[in-house]
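So you know, we letter chains A, B, ... as the sequences are listed, proteins then strands, and number each from 1.
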Amino acid sequence: MAYDFAAIESKWQQRWDEQHAYAAPNPGDDGFDASKPKFYCLDMFPYPSGVGLHVGHPLGYIATDVVARFERMLGRNVLHPMGFDAFGLPAEQFAIETGVHPRVTTEQNIANMVRQLKRLGLGYDWDRTVSTTDPGYYRWTQWVFLQLWNSYVDPATGKAEPIGELVAKLESEKYLVGPDAELIADYDGLDAIEGQPIGSRPWSDLTQEQRHRLLDEYRLAYLAEVDVNWCPALGTVLANEEVTADGRSERGNHPVFKRPLKQWMLRITAFADRLIDDLDLVDWPESIKLLQRNWIGKSIGAEVDFRVTIDDPDTHATMDTEIRVFTTRPDTLFGATYMVLAPEHPLVASITTDEQSEAVRAYVAEAAKKTNVDRQQDAKEKTGVFTGGYAVNPVNDQPIPVWVADYVMMGYGTGAIMAVPAHDTRDHEFARTFDLPITEVIKGSIDFRDEAYTGEGPYTQWAQNDEVSLVGCTMAKAKAKMIDWLGTKGLGHAKVQYKLRDWLFSRQRYWGEPFPVLHELDDAGNPTGHVIGVPEADLPVELPELDDFKPEPMDDPDAPPRPPLGRAPESWRIVERDGKRYARELNTMPQWAGSCWYYLRYLDPHNDEAMVDPATERYWMTGDDRRSGVDLYVGGVEHAVLHLLYARFWHKVLFDLGHVSTPEPFGKLFNQGYIQAYYYEDERGVRVPATEVTTTDGKPAYEAQGTKGATFTYEGQPVNEKYGKMGKSLKNAVAPDEICEQYGADTLRLYEMYMGPLDQSKPWNPQDIVGVHRFLQRVWRNFVDDEADALLVDEHAPDEDQLRLLHKTIKAVTDAMGSMSVNVAIAKLIEMNNAMVAMDRLPRALAEDFVRMLGPLAPHLAEELWERLGFGFSVTVADWPRHDERFLVEDTIELPVQVNGKLRGRVVVPADADRAAIESSARAAAESDEAVAAAVTGKSIRKVIVVPGRLVNLVVG
RNA sequence: GCCGGAGUGGCGGAAUUGGCAGACGCGGCGGAUUCAAAAUCCGCUGGUGGCAACACCUUGAGGGUUCGAGUCCCUCCUCCGGCACCA
């Protein structure tokens, strides 16, 4: 019997299952050891898709499994759970394809994935698994939603508080209500009549209806009529994050249109600053932090009002109004020579003169027809039309023309800009296209007539008026000076602007969490516009059973959405409460809802009383000597601005409300790379199954993949080789089951870890798998005499060299594992094993520690050898070996001797030799060593560089 | 266009952060074993020149700093990812 991986692996997988080997007790549970520090190791949980896993999926899972096992052996309480993000489009799509209810297919898919994961020997605590579609789970998703709905962000503290606090502050008149529903706390400095700021009112003056609406203005979850991304083909709206740059749905690649719809929104923008600032608290890749910062897109600048004369649309009387713009460059205000309104800007119609009205109307209509896609594609050429109207530049009283152009977006800032062609590239392009004046207010290194100068520089004579001058200022100073001046004149003020929008939170889908809210109906059965939350005791609001759960795709982008829950029985849709009738919300939550907080439910998954027990949460999410939150979170970069931003937002709300104890959920984030693979396309560009492609001379494709000049065929036809992320769509997926069948799970694990650095993408190469498989076989043969079924391990003490080998390896492997350089750790173990081949019987000390180190990487083989070494269950709870420095020091070392930086020879010196000793032996070598002597002959040694322990360099000349 | 990241043998990748470039694995070549093959074991394997010892070259290209550069600095090229008229 050789190394029978199939028997060994199923034996140990069964044992781990039966013994709950990876169950992590909570504080207070049996077997909980409070003396150990915690380690919370988390994977981004998968969608249980119907096709199961390919070998790319478990890359991150294997990595966390290795780390989790390593940390456990180092003596930590390790929590390593796994669950399923089963709501949402993929699961529903799969269910639609197969015609089976998503609950059924989801359960099947989960079962299949659990089987696949267990087969890889992944040490998850399966007692803690969750599925977002389980009513026992989404009950708490709905509960978190109610927390959001019942909270607001207090403008004074920037923190979420229960909405009741706001009511209390309004009742006690700590806040008054301003004309735009703003909360006014500071009475001083405001013009006031009889002690009340003008236009503001106390809470007591508001009607019931007004109070209701005011609170809705502040809730973190609110209904609003907003321009949404409507995807008729999917029959649903999408979040900004779910729409690609070219204006199509990320899923399915269907066109997306902007249209106003009343939808649930989450007020993530209230957390924009904290979402930026708190990135400093976490250990994440800088690139991901940057992506989030860019996505939030904070710009500091000013809002400025430009006076303009318009025709009142009702009375046709001429009147003055203002166009408000946002700018990051108030210092260039003197150079504003025209203005631009977005085509959707409300003032466009009234500002347009009669002569221009035809042209403007045509332009606006044209712009409205364009989808995001068109607007993107047309971005290269500037278009626009003059309104005929003029505004007044407030700094120099110059009349400036007002244009309409689609390079200004209604969705950002105020939908209007002041154009400074001398110092803004887009404005410059536009000014050149339409021959508009360009005024240089900063002297740059380039001619302002050719190109906009956006850098720092001296302000020109134009940058001043009678009251304020920017001449001689730095840019920062100039900005501050202008904002100051605008403020005193009542023309503008400092303003912070974000790209981040509030999060569109409803979908016209069946397979999602129902909203725990009710819409009040009047006697005629029409909604009154009032919403109440479902009491916590009545949660969950379960999804009704529907025979037809399909969304309704629509050809007409203007047709109203028809959510599938509208087809639920009236008994579900209509609720009576306190003699009033209410309609349930028919939209469902988006896919991201369940994944925003799942890491908290793992901590206490069976708790019926609370989302998570507070003491349990505190233990796993805080550690006195460790970073707060999850200790290691591993997943793909694709979630950089979706899941990772949403989850941080929810976490902060829960933090403010006192439900969690850390400001950030994920202390350390690691992005694994993708497994890439070659794929093949025929002449029409159609992808063909990669496994069936051969080289032109009939060899398997992988033997020549990536080689220059190689040619490939599929069914006799030539195909082109390409390279991309492994997956179904490229027809280059490899199933882990196949590899487990052929080589075993340990081999697959080891191969994926050995491919290269975890954070890099790298190609799947079937040829390389045999390398690590041979290593495991060699380990087996080193340890076990198959003939005699006996262990080749003796009790004899290891000699000096063997100890040196052992401790050198322990140090190297421990260091490598600690820095997640698993590929290097494996290389060191291979080296040690190769050295052990020469020993005919292994000294026990080496054998034991080798098996310990193998444990996290190849747990099945390690368990088997551990048992044969006579230990009890299991190597997963064995101690990680520690190296002993004494065995690392050598008596003598060989130092390279360089001459002018080139290696010429070597000298052997005592390990503790000092500089002088090393120098003199190097000088001696310059006489005795042929190569060194040859290099220095005829020259004199000018200088000797000695780096003790590393090398010596003779500088000659 | 802007912002990130990366370029090391035929391939995947090492290199204690400025100190022996190419660890380890794959592939290739040669040998042992075998009737033969698989498996296994041993040896060689960056390039060029040379019978050879050896010499020279070599970390995308070019320049610089340094006794010494894959590593630091400047310029450029290529690939990958993100954002994209964000005022």
Next on the checklist: Could you tell me if Lys298(A) sits above the aromatic ring of Tyr498(A), with its cationic atom closer than 6.0 Å to the ring centre and no more than 45 degrees from the axis?
Outcome noted: no
Checklist entry - Is there a Watson-Crick or G-U wobble partner for C20(B) with both distances under 3.5 Å, and if so, which one is it? => result none
Checklist outcome for this item: To the nearest angstrom, the CG-P distance between Leu642(A) and G81(B) comes to 17 Å
Item to check | Out of C41(B), C24(B), C85(B), whichever nucleotide has its closest atom nearest the side chain of Ala827(A) | outcome: C24(B)
Checklist entry - Angle class for the Tyr751(A)/Trp764(A) ring planes (parallel below 30°, perpendicular above 60°, tilted otherwise)? => result perpendicular
Checklist entry - With respect to the side chain of Thr328(A), which nucleotide from A87(B), C26(B), A23(B) is positioned closest? => result A87(B)
Checklist outcome for this item: Judged by whether its glycosidic angle lies within 90° of 0, G9(B) is syn
Checklist entry - Of all the nucleotides listed (C20(B), C67(B), G12(B)), which has the minimum atom distance to the side chain of Pro896(A)? => result C20(B)
Checklist entry - Between A61(B) and G7(B), how far is it from one P atom to the other, in whole Å? => result 13 Å
Checklist entry - Would His428(A) and Glu451(A) count as having a side-chain donor-acceptor pair, cut-off 3.5 Å? => result no
Checklist outcome for this item: When Gly297(A) and Gly756(A) are each assigned the nearest nucleotide of RNA chain B, the 5'-most assignment goes to Gly756(A)
Checklist outcome for this item: Heavy-atom nearest nucleotide on RNA chain B taken for Asn765(A) and for Val772(A); more 5' hit belongs to Asn765(A)
Next on the checklist: Taking only the C1' atom of each, what is the distance from A23(B) to A15(B) in whole angstrom?
Outcome noted: 8 Å
Checklist entry - Who is the Watson-Crick or G-U wobble partner of U65(B), with both distances under 3.5 Å? => result none
Next on the checklist: Distance check, P atoms only: C24(B) and A38(B), in whole angstrom units.
Outcome noted: 25 Å
Checklist entry - Hey, does the side chain of Tyr754(A) come within less than 4.0 Å of G25(B)'s phosphate (OP1/OP2), counting only N and O? => result no
Checklist outcome for this item: Atom CD of Glu787(A) and atom C1' of U40(B) are separated, to the nearest Å, by 14 Å
Checklist entry - C1' atom, G30(B) versus G22(B): distance in rounded Å? => result 22 Å
Checklist outcome for this item: Picking from C67(B), C56(B), G82(B), the nucleotide nearest the side-chain atoms of Val955(A) would be C67(B)
Item to check | Candidate nucleotides C83(B), A87(B), A14(B), ranked by approach to the side chain of Thr327(A) - the nearest | outcome: A87(B)
Checklist entry - When the distance from NZ of Lys722(A) to P of C80(B) is rounded to whole Å, what number comes out? => result 11 Å
Checklist entry - Does Tyr674(A) have Lys725(A) sitting over its ring (NZ/CZ under 6.0 Å from centre, angle to axis within 45°)? => result yes
Checklist entry - Is any side-chain N or O of Asn834(A) closer than 4.0 Å to OP1 or OP2 of G25(B)? => result yes
Checklist entry - Can a donor-acceptor pair under 3.5 Å be found between the side-chain atoms of Lys382(A) and the base atoms of C85(B)? => result yes
Next on the checklist: Once you apply a heavy-atom cut-off of 4.0 Å, does Asn823(A) come out as touching a base, just sugar-phosphate, or nothing?
Outcome noted: sugar-phosphate
Checklist entry - Tell me: CH2 of Trp295(A) to P of C3(B), nearest whole Å? => result 19 Å
Checklist entry - Parallel under 30°, tilted from 30 to 60°, perpendicular over 60°: which one fits the rings of Tyr646(A) and Trp503(A)? => result parallel
Item to check | Euclidean distance, atom OH of residue Tyr338(A) to atom P of A87(B) [Å, nearest integer] | outcome: 15 Å
Checklist entry - Base, sugar-phosphate, or nothing for Arg942(A), non-hydrogen atoms under 4.0 angstrom? => result nothing
Checklist entry - Heavy atoms under 4.0 Å, any strand shown: does Leu290(A) hit a base, just sugar-phosphate, or nothing? => result sugar-phosphate
Next on the checklist: Categorize Leu951(A) for me: base, sugar-phosphate, or nothing, with a 4.0 angstrom heavy-atom threshold over every strand shown.
Outcome noted: base
Item to check | Parallel, tilted or perpendicular: ring planes of His643(A) versus His639(A), cut at 30 and 60 degrees | outcome: perpendicular
Next on the checklist: Are Phe5(A) and His773(A), when compared by the centres of their aromatic rings, separated by less than 6.0 Å?
Outcome noted: yes
Next on the checklist: Strictly by Watson-Crick or wobble contacts shorter than 3.5 Å, is anything paired with C51(B), and which nucleotide is it?
Outcome noted: none
Checklist entry - How long is the line joining CE of Met832(A) and C1' of G25(B), in whole Å? => result 19 Å
Next on the checklist: Looking at Gln760(A), I'd like to know whether one of its side-chain N or O atoms comes within less than 4.0 Å of OP1 or OP2 on G5(B).
Outcome noted: no
Checklist entry - Are Phe775(A) and Tyr754(A) close enough that their ring centres sit under 6.0 Å apart? => result no
Checklist outcome for this item: When both distances are under 3.5 Å in a Watson-Crick or G-U wobble arrangement, the nucleotide paired with C79(B) is G5(B)
Checklist entry - How many angstroms lie between CG in Leu291(A) and CG in Leu644(A), if you round to the nearest 0.5 Å? => result 10.5 Å
Checklist outcome for this item: Among C26(B), G19(B), G13(B), the one nearest any side-chain atom of Ile945(A) is G19(B)
Next on the checklist: Looking only at the side chain of Pro763(A) (C-beta and beyond, no hydrogens), which of the listed nucleotides G25(B), A23(B), G12(B) gets closest?
Outcome noted: G12(B)
Next on the checklist: Under a 3.5 Å cut-off for both contacts, is U34(B) paired Watson-Crick or G-U wobble with anything, and if yes, with which nucleotide?
Outcome noted: none
Checklist outcome for this item: Of the listed G19(B), G27(B), G12(B), the closest approach to the Gln898(A) side chain comes from G19(B)
Checklist entry - Using purine N1 to pyrimidine N3 plus N6-O4 or O6-N4 for Watson-Crick, or N1-O2 and O6-N3 for G-U wobble, both under 3.5 Å, which nucleotide pairs with G43(B)? => result C29(B)
Checklist entry - Distance check: side-chain N/O of Arg774(A) vs OP1/OP2 of C26(B), anything under 4.0 Å? => result yes
Item to check | Nearest-Å distance once atom C1' is located in both G60(B) and C41(B) | outcome: 40 Å
Checklist entry - When rounded to the nearest Å, what value does the distance between P atoms of U17(B) and A87(B) take? => result 42 Å
Checklist entry - Taking atom P in both G70(B) and G9(B), what distance in whole Å separates the two? => result 14 Å
Checklist entry - What nucleic acid atoms does Asp427(A) come within less than 4.0 Å of, heavy atoms only: base, sugar-phosphate, or nothing? => result nothing
Checklist outcome for this item: Judged by whether its glycosidic angle lies within 90° of 0, U17(B) is syn
Next on the checklist: Could you tell me how far apart Glu752(A) (CD) and G12(B) (P) are, to the nearest whole angstrom?
Outcome noted: 17 Å
Next on the checklist: Nearest whole Å is fine: how far is G28(B) P from Gln767(A) CD?
Outcome noted: 7 Å
Next on the checklist: Rounding to an integer number of angstrom, what distance separates C26(B) and C35(B) when you compare their C1' atoms?
Outcome noted: 31 Å
Item to check | Residue Ser299(A), side-chain atoms from C-beta onward, closest of G12(B), A87(B), C26(B) | outcome: A87(B)
Next on the checklist: Of the listed nucleotides (G25(B), C26(B), C56(B)), which one gets closest to any side-chain atom of Ile830(A)?
Outcome noted: G25(B)
